[in-house]
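Both ligands and their constituent atoms are indexed starting at 1 by order of listing. Here the structure is a predicted model, which is why all the values come from computation and not from measurement.
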Amino acid sequence: MELRLDGKVALVTGGSKGIGRAIAHAYAAAGAKVMISSRKEDALRAAAADMPGTVEWFAANAGDPDDAAACVDATVRRLGGIDILVNNAATNPYMGPMIDIDVARADKTVQVNQRGVLVWTQLAWKAGMSDRGGAVINMASTGGLAVTPGIAYYSVTKAAVIHITRQLGFELAPKVRVNAIAPGLVKTDMARALWETSEEAIARRTPLRRLGVPEDIANMALFLASDAASWITGQTFVVDGGAQLAPGLG
Ligand SMILES: NC(=O)c1ccc[n+]([C@@H]2O[C@H](COP(=O)([O-])OP(=O)(O)OC[C@H]3O[C@@H](n4cnc5c(N)ncnc54)[C@H](OP(=O)(O)O)[C@@H]3O)[C@@H](O)[C@H]2O)c1
């Protein structure tokens, strides 16, 4: 089955690198017009230039509602509307026991990872998705499904993303489908501290014997955005090489 997105417009936050960049690339290759967004202009410009088809960029902090509104406006103006929104941008400004996190970093984690998912979806809905229909894909994490030493408050926001996905899946049906992906450990800059020095050991413990690469997640994001997923909403799909099957070993 070939999954195509011809005639669709997709907006991908955190689209300049890692998982978001792979998703944007997969969507563009499948025929969608794509807007990528993140904070750094140079990285966005370089990423957009490296993708097939029509790919535009707009600098925006996913945790800032004014930036989000400006990016959604620009997408509608330049590309004609929004059919697919990928809420992929996230941050993890604190590592350590959750009991010690300071309020400033706790707030930042919520603003980008959790409130951002709600705000961008509200804006896309009001910008026309409510009429033309569409698909929203939220980036959760297997951290949102289990206790995670070191990245606990980040994982709290990912658990919230999983529930926001259920709630909005219910509220926005039947016009808009809302689903989430919960990746396991994927080799990107964000997760580098978790895999760089122990990749082989982690791979040995993972049933499918390797860490994830961004394209593993992009394949699921392409399926969820496509008509092949037209009877699926409110769900979270784990893509983790089987790591959740025996989490005690992970
Ligand atoms: N890698 C993993 O193992 C893993 C596992 C589970 C879930 N995830 C999730 O997958 C998603 C993508 O992560 P990744 O691993 O691909 O990370 P990454 O390679 O570090 O890429 C993160 C992207 O998000 C952007 N970004 C970061 N903070 C932002 C903000 N405040 N506003 C707008 N854009 C922002 C970055 O660009 P700028 O810095 O220029 O803004 C970049 O484009 C995240 O939701 C993450 O939680 C990752």
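- Among residue pairs with one or both ends in residues 216-232, those qualifying as side chain to side chain donor-acceptor pair (under 3.5 Å) are Arg210-Asp216; sequence neighbours excluded.
- The side-chain contact (heavy atoms from CB on, under 4.5 Å) search around Lys17 returns Asp189, not counting sequence neighbours.
- Contact check for Val136 versus Asn138: side-chain heavy atoms found under the 4.5 Å cut-off.
- Remark: Asn113 pairs with Thr157 by the side-chain hydrogen bond (donor to acceptor under 3.5 Å, both in side chains) rule, at least two apart or across chains.
- For a heavy-atom separation below 4.0 Å, the residues in contact with ligand 1 are Gly14, Gly15, Ser16, Lys17, Gly18, Ile19, Ser38, Arg39, Lys40, Ala60, Asn61, Ala62, Asn88, Ala89, Ala90, Val112, Met139, Ala140, Ser141, Tyr154, Lys158, Pro183, Gly184, Leu185, Val186, Thr188, Asp189, Met190, Ala191.
- Of the possible donor and acceptor atoms, one in the side chain of Lys158 sits under 3.5 Å from a partner among the backbone N and O of Met139.
- Between Thr54 and the choices Met35, Arg78, Lys33, the side chain to side chain contact (heavy atoms under 4.5 Å, CB included) rule is met once, by Lys33.
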